[in-house]
Amino acid sequence: MSALNLYDTSTREVGVFTPIKSGEVSIYVCGATVQASPHIGHIRSAVNFDVLRRWLIHSGFAVVFIRNVTDIDDKILQKAAQEQVPWWAHAMKYEREFTAAFAALNVLPPTYEPRATGHITQMIELMQILIDNGSAYAPGNGDVYLEVRNLKRYLTLSGQRIDDLMPAADVEMSISMKRDPRDFALWKAAKLGEPSWPTPWGAGRPGWHLECSAMAYAYLGESFDIHGGGLDLIFPHHENEIAQSEAAGYGFAKRWLHNAWVTQSGEKMSKSLGNSLLVEVILQRVRGIELRWYLVSAHYRSMLEYSESALDESVVAFRRIEAFLKRATEVVGTVPVPLMSKAFSDAMNDDLAVPTGLASISENLRAGNQGITDGDLGVVSKNASEIRGALGILGCDPFDSNFTTSSSSDLSDAMDGVVQLMLKERASARDRKDFAASDAIRDGLLALGITIEDTAQGPRWSIMEKS
RNA sequence: GGUCGGGUGGCCGAGAGGCGAGGCAAGGGACUGCAAAUCCCUCUACACGGGUUCAAAUCCCGUCCCGACCUCCA
């Protein structure tokens, strides 16, 4: 298919994507609450939406991509208090960790990355609109609530009915100032020792949902094309964003995309379950490009069941592709120019069907390797280019400068010279059929992490990637 | 209780009425002094029970099992 089709959580259907403004796409993705170190589930979300963004850019759209940072919330305050550091220092520390993880996984920086605490003014303005038009109320205790009973479309994203929800355990109506237990806080009154900002209704801090509505409006306007986030944000976070923004009279998001989780033993990865795998820990085992390859290889709406063996298998598969591109570059003499194959393009247009796209990469790989064997440079070049084109969309292009390690070229020239000397020794040993000597050289180099392969074009050497 | 996803070969993982995605593993073969790499071949499946249809992994009904959300969540 030549037009991009995307799933929409609100309709539960895949349909043709048409932006509000021709040629432009505006995206808001819920980013991190910076309260702890990123695990691979967090980063999967970022990587999935990064692939969407890259594909949109490739398809010719000008993309405005907003991903927020939630730098104030209950958990941040609570953990900062436990660790006896200021809440803002705690938030900043983990924001830096997320930024580092995004960079290690080659996630493009957002067009803008707004922090909640930098948008209190916009939140107050939004609350004022909601209070003025009767959608929200400030009962006088410093809280501000949104009244949900009157909202026609409340819970349509998650397909629930308000009366079917489990009784809200956290609201004791006898002491609550809420008109209805389902009403949610736009703004929370300051408790002793907590940070606060002044408002017409009392000093306090933002509720969880308000920031996204305020910041989406600030940067993308009343309506925008795509709102993304993890599956678990559908309710309550996204429902409440819709409630706030629509009550304010905004069109808000035209389409909703949600990524599935990384699971372990069938269960969602989460800090509270204690089964989270930190990005930095995995990056001690595999390279960023390899972890990214693993995370993109599943469809974004499918659960990705993590296991070490699955990760290892994925790494091996990626290294095969990488090895081919290296050999192709050697054989052809130039780095392949990225090209988009129809098979990969069709797959991406079908709701970002990366797994189907991977099948086309496999075809390219086989044909390309065959081309090397046959010495058919045209075939090698075409397939290497198509692989590189596909990898570029997935953010896994080994030629991407974000991944290439800047080793000194003097050093690698010297290294090549040394290995070539050894290979010359080995060649003469082989010529006189002294295989014990030739194998000793190969084994010796292997012990140093240098792999020797005999090809039709002569022996080639490579340094094994760390793992 | 409500809502939403799943169950596919030894394993991973797509597909969503006809044409057996793909990968890994396994076995066989080609190449090789050996190896590595590469290529070729082989194997195999749709949780269960009904139904609709010329045709069902795919649609319908029922059953079982797994997971998620229901105010912390990517």
Could you tell me whether A/S307 contacts a base, only the sugar-phosphate backbone, or nothing, with contacts defined as non-hydrogen atoms closer than 4.0 Å?
nothing

Looking at A/K326 and A/E330, does any basic side-chain N land under 4.0 Å from a carboxylate oxygen?
no

Are the aromatic ring centres of A/Y28 and A/F65 under 6.0 angstrom apart?
no

Is there a donor and acceptor pair, one atom on the side chain of A/D312 and one on the base of B/C12, closer than 3.5 Å?
no

Considering only heavy side-chain atoms of A/K75, the closest of B/U71, B/C39, B/C72 is B/C72

Watson-Crick or G-U counterpart of B/G67, or none if no pair lies under 3.5 Å:
B/C4

Testing B/C70, B/A74, B/C24 for proximity to the side chain of A/Q160, the answer is B/C70

Per A/R442 side chain, nearest of listed nucleotides B/A68, B/C4, B/A35
B/A35

Output the rounded distance in Å from OH (A/Y300) to P (B/A14).
13 Å

More than 12 non-hydrogen atoms from neighbouring residues, nucleotides or ligands closer than 6.0 Å to CZ on A/R460, yes or no?
yes

Between A/R161 and B/C70, is there a side-chain N or O to OP1/OP2 distance below 4.0 Å?
no

Considering Watson-Crick and G-U wobble pairs with both distances under 3.5 Å, what does B/C39 pair with?
B/G29

With a 4.0 Å cut-off on heavy atoms, is A/H299 in touch with a base, just the backbone sugar-phosphate, or nothing at all?
sugar-phosphate

Is the phosphate of B/G23 approached by A/S314 (side-chain N or O, under 4.0 Å from OP1 or OP2)?
no

Please give, in whole Å, the distance from B/C39 C1' to A/I372 CD1?
12 Å

Measure from the side chain of A/R182, starting at C-beta and using heavy atoms only, and say which of B/U71, B/A14, B/G33 lies closest.
B/U71

Could you work out which one of B/G2, B/A74, B/C4 sits closest to the side chain of A/R12?
B/C4

Starting at CG of A/D351 and ending at P of B/G5, how long is that distance when rounded to a whole Å?
14 Å

Distance below 4.0 Å between A/S302 side-chain N/O and B/A14 OP1 or OP2
yes

How many whole angstroms separate atom CZ of A/F324 from atom C1' of B/C39?
13 Å

Answer yes or no as to whether B/G33 has its base stacked against A/F435, where stacking requires a ring-centre separation under 5.5 angstrom and planes under 30 degrees apart.
yes

Whole Å only: how far is the CE atom of A/M303 from the P atom of B/A14?
12 Å

Is the distance from the ring center of A/H119 to that of A/Y219 below 6.0 Å?
yes

Taking the side chain of A/F184 as its heavy atoms from C-beta onward, which of B/A14, B/U71, B/A68 lies nearest to it?
B/U71

Check for me whether A/R182 meets the cation-pi criterion with A/Y154, that is, NZ or CZ under 6.0 Å from the six-membered ring centre and within 45 degrees of the ring axis.
no

Among the candidates B/C34, B/A74, B/U71, find the nucleotide nearest to the side-chain atoms of A/K268.
B/A74

Distance, rounded to the nearest Å, where A/L295 contributes CG and B/A74 contributes C1'
12 Å

Could you state the atom-to-atom distance from CD of A/E453 to C1' of B/C31 in whole Å?
14 Å

Could you check whether A/R67 makes a cation-pi contact with A/F49, meaning its NZ or CZ is under 6.0 Å from the centre of the six-membered ring and within 45° of the ring axis?
no

Ignoring backbone atoms, establish whether A/R320 has a side-chain N or O less than 4.0 Å from OP1 or OP2 of B/C24.
yes

A/V316 near the nucleic acid: base, sugar-phosphate alone, or nothing, with a heavy-atom cut-off under 4.0 Å?
nothing

Would you call A/D312 and A/R285 a salt bridge, taking side-chain N to carboxylate O under 4.0 Å as the test?
yes

Base paired to B/C19 (Watson-Crick or G-U; both N/O distances under 3.5 angstrom)
none

How many whole angstroms separate atom CG of A/N240 from atom P of B/C70?
12 Å

Sugar-phosphate, base or nothing in reach of A/D454, heavy atoms under 4.0 Å:
base

Please tell me which of the listed nucleotides, B/C34, B/C39, B/A14, lies nearest to the side chain of A/Q370?
B/C39

Which of the following nucleotides, B/A37, B/U71, B/C40, is nearest to the side chain of A/P236?
B/U71

Between B/G23, B/C69, B/C39, spot the one nearest the side chain of A/N369, thanks.
B/C39

Remember a base hit wins even if backbone is also touched, and classify A/D439 as base, sugar-phosphate or nothing at under 4.0 Å, heavy atoms.
base

